[in-house]
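Below is one structure, written out as structure tokens; comments come after it.
It should be emphasised that the depicted structure is a prediction, and the values quoted were computed from it without experimental measurement.
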Amino acid sequence: MLAGLTVITDNLDYLLWGRAAAGQPGGVLLTLLMAFGAAALALPAGIALAGLAWRFPGAIRKALFLWAEIIRGIPLIFVIFWLWYLLPLITGGDLPGALTVTLALAWFTAAAVMHSVLAGLRALPVGQYEAAQAQGFSELQTLGWVLLPQTLRNILPSLVGIFISLLKDTSLAFIVNVPELTTVAGQVNNRVQIYPAAIFVFTGVVYYLLCCGIEQLAKRWQFNRPAL
């Protein structure tokens, strides 16, 4: 048991931030960078797509639903593979693996955010929309100033669940050898070739603590925020 802990402490720096001192972040640091980067892209993209689907209930909404169902119906690992091979063809050059995975995570997560936000918009009483229109608000003002603030507060638990899943999904970056937490844990295990249980239990505990941290931050933010 103590020898297993020694393996963790001897490699703790590498597990936490990889080779960040040499300009190559990895481990927990890279996991968080990819997760927050993907969230920063997916949240506004999902909200914008939900706004389009709410505003245009005809062909545009159907097209967005079709896109979202296709993305959500495909395993994320395939989305990562597709972007890994397609983006260099589109851009004409190789992209960093972490950037490719972040874009794949954002694309995949934006579909889930769109569905969640649209469901929240449609759940609001129609009187909210009618009252805003009676006050002379435009469609865009009604959406941005009246409906979305209420919707985002109401669906916060759903969004937290989506972003916790996003954080855990960063572990799939190991398939393209991006040195996030799961990848570097595997590298440490392959190097020492002993005590794999200690290494991967530690990895699981780190993911658990990160996910709990996100949940607690969201609860504290919601508790401290005044009611609308």
Side-chain angles (χ1 to χ4, degrees), residues 11 13-50 52 63-117 159-191 199-200 203-204 206-211 213-214:
N11 295 277
D13 285 353
Y14 187 58
L15 290 167
L16 291 179
W17 43 74
R19 299 188 177 92
Q24 299 176 359
V28 176
L29 176 59
L30 185 56
T31 292
L32 290 174
L33 289 174
M34 290 195 301
F36 285 116
L41 294 173
L43 182 60
I47 291 173
L49 293 172
L52 286 174
L64 290 172
F65 273 26
L66 177 62
W67 166 79
E69 291 304 319
I70 291 174
I71 294 300
R72 296 177 70 188
I74 297 171
L76 176 57
I77 194 169
F78 284 102
V79 178
I80 294 173
F81 268 130
W82 288 348
L83 291 187
W84 179 260
Y85 290 109
L86 282 176
L87 286 180
L89 295 176
I90 295 172
T91 61
D94 291 334
L95 294 178
L99 177 59
T100 301
V101 174
T102 299
L103 293 175
L105 291 169
W107 189 23
F108 192 86
T109 305
V113 173
M114 185 196 80
H115 271 292
S116 185
V117 173
L159 292 178
V160 171
I162 290 171
F163 292 127
I164 286 176
S165 295
L166 168 61
L167 176 64
K168 293 186 290 185
D169 285 341
T170 59
S171 62
L172 291 175
F174 82 93
I175 63 171
V176 290
N177 205 33
V178 173
E180 45 71 54
L181 177 57
T182 301
T183 304
V184 299
Q187 291 171 351
V188 170
N189 181 59
N190 292 337
R191 184 169 65 247
I199 295 171
F200 288 108
T203 303
V206 171
Y207 278 115
Y208 174 78
L209 293 175
L210 292 176
C211 293
I214 292 175

Heavy atoms only: give me the nearest [X]-[Y] pair and the separation to one decimal.
| X | Y | answer |
| --- | --- | --- |
| Ala42 | Ala110 | CB-N, 3.8 Å |
| Ala20 | Leu29 | CB-CD2, 4.0 Å |
| Ala98 | Leu30 | CB-CD1, 4.0 Å |
| Ala106 | Ala38 | CB-O, 3.7 Å |
| Ala35 | Leu166 | O-CD2, 3.5 Å |
| Val184 | Pro179 | CG1-O, 3.4 Å |

Of all residues at least two apart in sequence or in a different chain, which pass the side-chain hydrogen bond (donor to acceptor under 3.5 Å, both in side chains) check with [X]?
| X | result |
| --- | --- |
| Arg191 | Asn11 |
| Tyr207 | Glu180, Thr182 |
| Ser116 | Ser158 |
| Asp169 | none |

Do [X] and [Y] touch side chain to side chain, with heavy atoms closer than 4.5 Å?
| X | Y | answer |
| --- | --- | --- |
| Leu33 | Pro25 | yes |
| Leu167 | Phe36 | no |
| Leu105 | Val79 | no |

**Request:** Test side-chain contact (heavy atoms from CB on, under 4.5 Å) on Trp107 and Leu83 and set out the steps.
**Result:** CA-CA 10 Å; Trp107 189 23; Leu83 291 187; 4.1 Å; yes

Between [atom1] of [X] and [atom2] of [Y], what distance do you get to the nearest 0.5 Å?
| X | Y | atom1 | atom2 | answer |
| --- | --- | --- | --- | --- |
| Leu99 | Met34 | CG | CE | 11.0 Å |
| Leu32 | Thr170 | CG | OG1 | 8.0 Å |
| Ile77 | Trp82 | CD1 | CH2 | 12.5 Å |
| Leu41 | Thr109 | CG | OG1 | 10.0 Å |
| Ser165 | Phe108 | OG | CZ | 9.5 Å |
| Leu15 | Thr31 | CG | OG1 | 10.5 Å |

**Request:** Look at the rings of Phe81 and Tyr85 and say which category their plane angle falls in: under 30° parallel, 30 to 60° tilted, over 60° perpendicular.
**Result:**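 Correct class here is parallel.
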
In a table with atom names and distances, give each donor-acceptor pair under 3.5 Å that connects a side chain of residues 63-72 to protein atoms at least two apart or in another chain.
from	atom 1	to	atom 2	distance (Å)
Glu69	OE2	His115	NE2	3.2

**Message:** By the side chain to side chain donor-acceptor pair (under 3.5 Å) test, which pairs, at least two apart or in different chains, include something from residues 92-105?
**Reply:** none

**Asked** With distance as the sole test, does Thr183 use its side chain to make a donor-acceptor pair with the main-chain N or O of Val178 at under 3.5 Å?
**Response**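 Here the side-chain-to-backbone pair exists.
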
**Asked** Under the 3.5 angstrom rule, does the side chain of Asn189 hit a backbone N or O of Ala185 as a donor-acceptor pair?
**Response** no

